[in-house]
Amino acid sequence: MAAAPEPDEVLTSTREKANFQRLARLLISGGTSLMREIFDQLCLPSNLPTILKNPAVEKKLKAAKLTKPEWDCLYPSPGVYGKSADFDVTLLSRLLRTICSITPPVTGWNALPTSTDHSLAAEIVRIKYYRNSVYGHVSQSMEITADKFPKLWKNIREALLGIAGQISPTKKTAWQDAIDNFLKDPLTAEDERNVQELLRWY
C-alpha cells in the first residue's frame, strides 16, 4: 500500500493548485456576475415578483426539478419572492433556460455546442460544460496541470466574453481587460472561496 502523503505536501501551494483556483474564480465569479446581468435584462428586477407568482411560471419551475435550496431562494416565504442578487450561478443558469424563453442550441442544453455557435444559449451551455471539466480535477488534489490550464482558460474566457458581448461591446471590452489582468494578478482569499463554491455548484 502506498504511503499517505505528508500534511505539508497536501497543503503546500503549487502552480497547479493556483491554476485550479484561477479557473474556479473565472467560472464562479465571472459566470455569476454575467449571467445575473443577462437575467436582469430579460427579467427586470421590478417585474420578477410578478413573473414568479405566475402559475404558468411556477409550473415550469416545478418541471425543472429545482433543489429545495433553489426553490427556497425563489420563494422564501408565502407572498415573498427572491431577488437575483441572491441567486447563484447554478440557479441563474436554470432560470435562463426555464423562464427566459432562450432558444436552446441546436445540440441541446446538455451537449457542447458547435464551434460556430456563439448564441447566448451556447455560451451558457459552455460554462456548464467547462465547470464539469474543471470539477473533474477535484479528485486530483484540486490541481490543473500546466499543459491543461491554457486551453481551459482560453475556452472559459471565450465563453464569458461571448456572454459579455451579448450585453454590449463596452461590457465585453471591460471583461476582456479584467480577465487578462486576473491571469497575472496574485491570488487572494476570495479565490479559495470560489473553489468551495464550485464544489457546492457541482
Side-chain angles (χ1 to χ4, degrees), residues 20-104 109-110 120-132 134-135 138 142 156-157 159-168 170-172 174-175 178-179 182 187-202:
F20 185 89
Q21 288 184 328
R22 287 187 191 280
L23 291 173
R25 181 170 175 187
L26 204 58
L27 282 163
I28 300 303
S29 294
T32 302
S33 179
L34 285 167
M35 285 192 192
R36 182 175 292 131
E37 196 160 348
I38 288 283
F39 180 77
D40 285 345
Q41 283 187 347
L42 298 174
C43 294
L44 295 175
S46 57
N47 292 345
L48 188 56
T50 303
I51 293 169
L52 290 176
K53 69 177 149 187
N54 183 326
V57 169
E58 283 195 57
K59 186 176 179 181
K60 282 183 181 179
L61 291 170
K62 284 176 181 172
K65 298 181 180 176
L66 301 180
T67 65
K68 186 176 185 307
E70 287 172 336
W71 192 263
D72 290 345
C73 195
L74 292 173
Y75 301 97
S77 59
V80 177
Y81 301 95
K83 53 188 185 296
S84 65
D86 298 327
F87 301 165
D88 67 15
V89 72
T90 311
L91 181 54
L92 287 163
S93 176
R94 284 177 177 266
L95 293 175
L96 286 166
R97 291 169 51 169
T98 306
I99 67 173
C100 291
S101 303
I102 297 176
T103 303
W109 287 115
N110 296 311
L120 174 60
E123 305 299 10
I124 290 170
V125 171
R126 286 188 181 98
I127 293 297
K128 177 184 174 186
Y129 176 86
Y130 292 118
R131 173 211 58 188
N132 292 346
V134 172
Y135 181 82
V138 167
M142 296 191 211
I156 295 166
R157 176 183 182 275
L160 292 174
L161 293 180
I163 296 173
Q166 299 277 340
I167 299 168
S168 73
T170 304
K171 182 70 64 174
K172 182 175 180 179
W175 272 93
I179 290 170
F182 173 51
L187 293 170
T188 66
E190 180 186 349
D191 298 303
E192 178 56 34
R193 288 194 293 273
N194 280 288
V195 169
Q196 298 308 315
E197 181 63 26
L198 177 68
L199 303 185
R200 284 194 297 273
W201 182 13
Y202 195 83

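Hydrogens, waters and symmetry mates are skipped; everything else that's a heavy atom, side chains included, is used.
- Contact between Leu92 and Thr32 at its shortest, heavy atoms only, is CD1-O, 3.7 Å.
- Contacts of Tyr130 classified as ring-ring contact (aromatic ring centres under 6.0 Å, His included), with partners at least two apart in sequence or in another chain: none.
- Between Leu48 and Phe39 there is a side-chain heavy-atom pair separated by less than 4.5 Å.
- For Asn47, there are no side chain to side chain donor-acceptor pair (under 3.5 Å) partners, not counting sequence neighbours.
- For residues 37-51, every residue pair satisfying the salt bridge (charged side-chain N to carboxylate O under 4.0 Å, His left out) rule, not counting sequence neighbours, is listed here: Glu37-Lys171.
- Heavy-atom minimum distance, Cys100 versus Cys43: SG-SG, 3.6 Å.
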Exercise. Could you go through the side-chain contact (heavy atoms from CB on, under 4.5 Å) check for Trp71 and Lys62 one step at a time?
Key: CA-CA 9 Å; Trp71 192 263; Lys62 284 176 181 172; 3.6 Å; yes

Show me the donor-acceptor pairs, under 3.5 Å and distance only, between side chains in residues 73-80 and residues at least two apart or in other chains.
unit_1	atom_1	unit_2	atom_2	d
Tyr75	OH	Leu52	O	2.6

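- In terms of heavy atoms, Pro49 sits closest to Pro45 at CD-O, 3.6 Å.
- Sequence neighbours left out, not one pair with a member in residues 44-56 passes salt bridge (charged side-chain N to carboxylate O under 4.0 Å, His left out).
- Side-chain contact between Leu44 and Ile51 is absent, with no heavy-atom pair separated by less than 4.5 Å.
- Listed by chain and residue number, nothing satisfies the ring-ring contact (aromatic ring centres under 6.0 Å, His included) test with Tyr129 (two or more places apart in sequence, or in another chain).
- Every side-chain contact (heavy atoms from CB on, under 4.5 Å) that Ala64 has, sequence neighbours left out, goes to Leu66, Thr98.
- Of all heavy-atom pairs spanning Arg157 and Leu26, the tightest one is N-CD2, 4.2 Å.
- Judged purely by atom type and a 3.5 angstrom limit, Glu70 uses its side chain to pair as donor or acceptor with the backbone of Thr67.
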Practice problem: Apply the test side-chain contact (heavy atoms from CB on, under 4.5 Å) to residues Asn110 and Val125: give CA-CA distance (whole Å), side-chain angles for both, the deciding distance (0.1 Å), then the verdict. | Solution: CA-CA 7 Å; Asn110 296 311; Val125 171; over 6 Å; no

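- With sequence neighbours left out, the salt bridge (Lys or Arg N to Asp or Glu O under 4.0 Å) criterion links Arg36 to no other residue.
- If you take CG on Leu161 and CD1 on Ile179, they are separated by 4.5 Å, rounding to the nearest 0.5 Å.
- The salt bridge (Lys or Arg N to Asp or Glu O under 4.0 Å) search around Arg97 returns none, not counting sequence neighbours.
- Across Arg22 and Phe182, no two heavy atoms sit closer than the pair NH1-O, 2.6 Å.
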Practice problem: Could you walk me through whether Val89 and Leu27 pass side-chain contact (heavy atoms from CB on, under 4.5 Å), step by step? | Solution: CA-CA 9 Å; Val89 72; Leu27 282 163; over 6 Å; no

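- Taken to the nearest 0.5 Å, the CD atom of Glu123 stands 10.0 Å off from the CE atom of Met35.
- The shortest side-chain heavy-atom distance between Ile156 and Arg126 does not fall under the 4.5 Å cut-off.
- Contact of the Glu58 side chain with the Leu61 side chain is not registered, since no non-hydrogen atoms from C-beta on lie closer than 4.5 Å.
- Residues Leu160 and Ile127 meet the side-chain proximity criterion, which asks for heavy atoms closer than 4.5 Å.
- For Lys68, the salt bridge (Lys or Arg N to Asp or Glu O under 4.0 Å) partners two or more places apart in sequence, or in a different chain, are Asp72.
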Quiz item: When you look at Asn54 and Ile99, which way does the side-chain contact (heavy atoms from CB on, under 4.5 Å) test go after all the steps?
Solution: CA-CA 11 Å; Asn54 183 326; Ile99 67 173; over 6 Å; no

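- With sequence neighbours excluded, no residue forms a side chain to side chain donor-acceptor pair (under 3.5 Å) with Ser33.
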